[in-house]
Amino acid sequence: MTPQPHIEGAGLDEAFVSEPSSLFELLQRAITWDTRMRARLTASFGAPYNYSGITYPPVPMPPELEALARRIEDVVQHRITNSLINFYPEGSSSMGFHSDAYAHLQPGTTVSIVSLGGPRTLRFRRKEAKEHVVDVPLRSGSLLVMQQRVQDEWMHALPPEPEAPQRMSLTFRHIL
Ligand SMILES: O=C(O)CCC(=O)C(=O)O
């Protein structure tokens with residue numbers, strides 16, 4: 001895990017998943033996507049989750065996702081009870097600036113993101129100084145781990161990149 005130079009509390013493993021394209025294809029085929037969001041498709045596994053105004057019921061994790069969650073538990077040293085997956089079918093699919101709320105998360109735990117598919121940039125913007133922007137490129141197979149302080153101090157967004165190929169982000173949290 002490489003600490004991110006400008007974002008205290010964030011670490012990146014560039015090659016966490018050994019065969020990211022197989023996992024991408026498997027999940028793309030297996031998942032029935034939720035279409036309630038305008039800018040991307042989503043799916044939630046594990047504990048029920050209220051995310052961005054949408055309620056997701058409890059759904060068992062597919063074995064491949066469960067295996068990944070257990071590996072991430074070893075890295076972050078706390079339980080993972082939910083994986084919310086975002087599917088960006090086109091480069092224009094995006095996510096606006098936000099920080100992840102901790103109201104339903106175990107305090108002091110992390111939010112982790114495994115990226116699959118086309119490379120995209122996650123843009124961080126300091127809450128206290130909006131002109132302070134840091135771009136973190138997320139390639140397929142990478143794992144980004146964010147401590148709670150990252151959400152306290154920064155907002156993050158996935159801006160549109162019109163030429164970018166399809167991408168999935170698998171997010172992992174300890175939801176109470
Ligand atoms: O797709 C990404 O990498 C960003 C995911 C994210 O910010 C979120 O799920 O809250």
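In this text, all values refer to a predicted model and were calculated from it rather than measured experimentally.
When every heavy atom of P165 is checked against every heavy atom of G118, the shortest pair comes out as CG-CA, 3.9 Å. Contact between A43 and I31 at its shortest, heavy atoms only, is CB-CG2, 3.6 Å. In terms of heavy-atom proximity, L12 sits nearest to P137 at CD2-O, 4.3 Å. Considering all non-hydrogen atoms of both residues, S94 and L158 come closest at CB-O, 3.2 Å. Across every non-hydrogen atom of I80 and A69, the tightest pair is CG1-O, 3.8 Å. S140 approaches P20 most closely through the heavy-atom pair OG-CB, 3.3 Å.
Rounded to the nearest 0.5 Å, atoms CZ (R167) and CG (L116) are 8.5 Å apart. Rounding to the nearest 0.5 Å places CE of M146 at 12.0 Å from CD of Q148. The CG atom of L144 lies 7.5 Å from the OG atom of S115; values are rounded to the nearest 0.5 Å. Between atom OG of residue S21 and atom CD of residue Q28 there is a gap of 12.0 Å, rounded to the nearest 0.5 Å. To the nearest 0.5 Å, atoms CG (L41) and CD (Q166) are separated by 10.0 Å. One distance of note links CE of M168 with CD of E25; it measures 9.5 Å at 0.5 Å rounding.
Using a 3.5 Å distance cut-off with no hydrogens or angles, the side chains of T109 and Q106 do not pair a donor with an acceptor.
A salt bridge does not link E73 to R79: none of the charged nitrogens lies less than 4.0 Å from a carboxylate oxygen. Looking at D100 and R173, a side-chain N of the basic residue comes within less than 4.0 Å of a carboxylate O on the acidic one, giving a salt bridge.
Around CD of E8, the count of heavy atoms belonging to other residues, nucleotides or ligands within 6.0 Å does not exceed 12.
Across K127, Q151, H156, a single residue satisfies side-chain hydrogen bond (donor to acceptor under 3.5 Å, both in side chains) together with S99, and that is K127.
Cluster membership check: V59 does not share its hydrophobic cluster with L84, using side-chain heavy-atom separations under 4.5 Å among Ile, Leu, Val, Met, Phe, Trp and Tyr. A continuous path of hydrophobic side-chain contacts links M61 to F24 [ILVMFWY only; heavy atoms under 4.5 Å]. Both I54 and M95 sit in one connected hydrophobic cluster of ILVMFWY residues. Membership requires side-chain heavy atoms under 4.5 Å apart, directly or through other members. When the side chains of ILVMFWY residues are joined at heavy-atom separations under 4.5 Å, either directly or via intervening members, L68 and V111 end up in two distinct hydrophobic clusters. By the rule that hydrophobic residues join a cluster once side-chain heavy atoms approach within less than 4.5 Å of another member, V76 and F45 end up as members of one cluster.
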| task | Apply side-chain contact (heavy atoms from CB on, under 4.5 Å) to the pair E153 and I7, showing each step before the final yes or no. | result | CA-CA 9 Å; E153 296 168 9; I7 308 170; over 6 Å; no

### Derivation and outcome, side chain to side chain donor-acceptor pair (under 3.5 Å), residues T42 and N86
CA-CA 5 Å; T42 56; N86 300 292; 6.0 Å; no

Show, in sequence, the C-alpha distance, side-chain angles and deciding distance for F16 and I72, and conclude whether the side-chain contact (heavy atoms from CB on, under 4.5 Å) test is met. CA-CA 9 Å; F16 185 71; I72 293 171; 3.8 Å; yes

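Side chain of H78 to main chain of T110: a donor-acceptor pair is present (N/O by atom type, distance under 3.5 Å, no hydrogens or angles). Side-chain atoms of T81 come within 3.5 Å of backbone N or O of I175 as a donor-acceptor pair. With S142 contributing its side chain and E14 its backbone, the two residues share no donor-acceptor pair below 3.5 Å. Between the side chain of N82 and the main chain of A47, a donor-acceptor pair closer than 3.5 Å is present. Panel note: side chain Q77, backbone V75; no donor-acceptor pair is recorded below 3.5 Å. When atom types are taken as modelled, the side chain of H104 and the backbone of Y102 share no donor-acceptor pair closer than 3.5 angstrom.
Contact annotation: the side chain of Y88 approaches that of S169 to within less than 4.5 Å [non-hydrogen atoms, C-beta and beyond]. In this structure, the side chains of L138 and P119 stay at 4.5 Å or more apart for every pair of heavy atoms. Contact check for V150 versus F124: side-chain heavy atoms found under the 4.5 Å cut-off. Contact of the M1 side chain with the V145 side chain is registered, since non-hydrogen atoms from C-beta on lie closer than 4.5 Å. Considering only heavy atoms from C-beta on, W33 comes within 4.5 Å of I85 through its side chain. Proximity of L65 to F172: side-chain heavy atoms (C-beta onward) are separated by under 4.5 Å at one or more points. Two residues are said to be in side-chain contact when any heavy atoms from C-beta on lie closer than 4.5 Å; V136 and T121 fail this criterion. Residues L170 and I113 fail the side-chain proximity criterion, which asks for heavy atoms closer than 4.5 Å.
Both tests pass for R36 against the ring of Y56: distance under 6.0 Å to the centre and angle within 45° of the axis.
Taking the six-membered ring where tryptophan is involved, the planes of W154 and H132 are perpendicular, since the angle between them exceeds 60° and thus also 30°.
With sequence neighbours excluded, the residues forming a salt bridge (charged side-chain N to carboxylate O under 4.0 Å, His left out) with E161 are R120, listed by chain and number.
Connectivity analysis of hydrophobic side chains (ILVMFWY, heavy atoms under 4.5 Å, direct or indirect) links F97 to M155.
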